[in-house]
Amino acid sequence: MKIDVKILDARMADQLPAYATPGSAGLDLRACLDAPLTLAPNAWQLVPTGIAIYLKDPGYAALILPRSGLGHKHGIVLGNLVGLIDSDYQGQLMVSAWNRSPTAFTIEPMERLAQLVIVPVVQAEFNVVNEFAASQRGEGGYGSTGKA
Ligand SMILES: O=c1ccn([C@H]2C[C@H](O)[C@@H](COP(=O)(O)OP(=O)(O)OP(=O)(O)O)O2)c(=O)[nH]1
Ligand SMILES: [Mg+2]
């Protein structure tokens, strides 16, 4: 699949997001910063990525997810937990970087900060009904099938 991409910061021209291995699901997004950015404990800031994408097809969306290493080892996750990029969004991809750890963390310019996953999307329509056809689960939820 080919996605239109705009390079908004010249530094991104030779380091567009890429799959790190043939089996990678995520494209690493870089922090397009002019200077290091220190996030104090529990601080968050919107970080530009230097690129815009236009998915065009409403059958796709992109998700911005944390990088596991940064999230687990340094507490750098996302202020919105997950970023959802609509297929008609044409602005710069932004990463809400949140330092959920008790230690300050410095993001270096052009460091890989988060990852982008392209996913298929179904746009559903609602069919209003008074009763659903019976299902095995019915209205049971929240542990209703037991623990083991
Ligand atoms: O981490 C993110 C999340 C969103 N976006 C961009 C793409 C997305 O299509 C747009 C709107 O995001 P969303 O719909 O999640 O935010 P909203 O608060 O509902 O804003 P809007 O009223 O613009 O839809 O912002 C990002 O760049 N990074
Ligand atoms: Mg929205």
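A quick note: this is a predicted structure, and the numbers were derived from the prediction, not measured. All ligand and atom numbering here is 1-based and tracks the order in the structure.
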Student: Run the side chain to side chain contact (heavy atoms under 4.5 Å, CB included) check on Leu65 and Val117 step by step: do they pass?
Tutor: CA-CA 8 Å; Leu65 300 175; Val117 179; 3.8 Å; yes
Student: Could any protein non-hydrogen atom be found less than 4.0 Å from atom 1 (O) of ligand 1?
Tutor: yes
Student: Between Leu84, Ile64, Leu93, which one has a non-hydrogen atom sitting closest to atom 4 (C) of ligand 1?
Tutor: Leu84
Student: Between Leu63 and Leu84, is the side chain to side chain contact (heavy atoms under 4.5 Å, CB included) condition met? List the steps.
Tutor: CA-CA 5 Å; Leu63 302 177; Leu84 176 61; 3.7 Å; yes
Student: What part of Asp86, side chain from CB on, backbone N/CA/C/O, both or neither, has a heavy atom under 4.0 Å from ligand 1?
Tutor: both
Student: Need the ligand 1 atom indices (1-based, order shown) with element for anything under 4.0 Å from a heavy-atom of Gln92.
Tutor: 27 (O)
Student: Distance below 4.0 Å between atom 20 (O) of ligand 1 and any protein heavy atom?
Tutor: no
Student: Would a 4.0 Å cut-off, counted as strictly less than, catch a protein heavy atom around atom 24 (O) of ligand 1?
Tutor: no
Student: Taking the side chain from Asn99 and the backbone from Asn42, do they hold a donor-acceptor pair closer than 3.5 Å?
Tutor: no
Student: List ligand 1 atoms under 4.0 Å from Gly83, heavy atoms only on the residue side.
Tutor: 1 (O), 2 (C), 3 (C)
Student: When the side chains of residues 24-37 are checked against the rest of the protein, which donor-acceptor pairs come out under 3.5 Å, sequence neighbours left out?
Tutor:
unit_1: Ser24; atom_1: OG; unit_2: Thr21; atom_2: N; d: 3.0
unit_1: Ser24; atom_1: OG; unit_2: Thr21; atom_2: O; d: 3.3
unit_1: Ser24; atom_1: OG; unit_2: Thr21; atom_2: OG1; d: 2.8
unit_1: Asp28; atom_1: OD2; unit_2: Arg112; atom_2: NH1; d: 2.8
unit_1: Arg30; atom_1: NE; unit_2: Gln15; atom_2: OE1; d: 3.4
unit_1: Arg30; atom_1: NH1; unit_2: Met110; atom_2: O; d: 2.9
unit_1: Asp34; atom_1: OD1; unit_2: Arg11; atom_2: NH2; d: 3.4

Student: Any protein heavy-atom neighbour for atom 28 (N) of ligand 1 (distance below 4.0 angstrom)?
Tutor: yes
Student: Which heavy atom in Ala62 sits nearest to a heavy atom in Ile118, and how many Å separate them?
Tutor: CB-CD1, 3.9 Å
Student: Would Val95 count as a polar contact of ligand 1, with the cut-off being nitrogen or oxygen pairs under 3.5 Å?
Tutor: no
Student: Check the pair Tyr60 / Ile3 against side chain to side chain contact (heavy atoms under 4.5 Å, CB included), numbers first and verdict last.
Tutor: CA-CA 11 Å; Tyr60 293 100; Ile3 298 171; over 6 Å; no
Student: Under 4.0 Å, heavy atoms only, figure out whether ligand 1 is touched by the backbone of Asn80, its side chain, both or neither.
Tutor: side chain
Student: With no hydrogens and no angle check, is any side-chain donor or acceptor of Gln90 less than 3.5 Å from a backbone partner on Tyr54?
Tutor: no
Student: Looking only at protein heavy atoms, which one is nearest to atom 26 (C) of ligand 1, and what is the separation?
Tutor: Ile85 CD1, 3.5 Å
Student: To the nearest 0.5 Å, how far apart are CZ in Arg137 and OG in Ser144?
Tutor: 5.0 Å
Student: Return a yes/no value: protein heavy atom under 4.0 Å from atom 9 (O) of ligand 1?
Tutor: yes
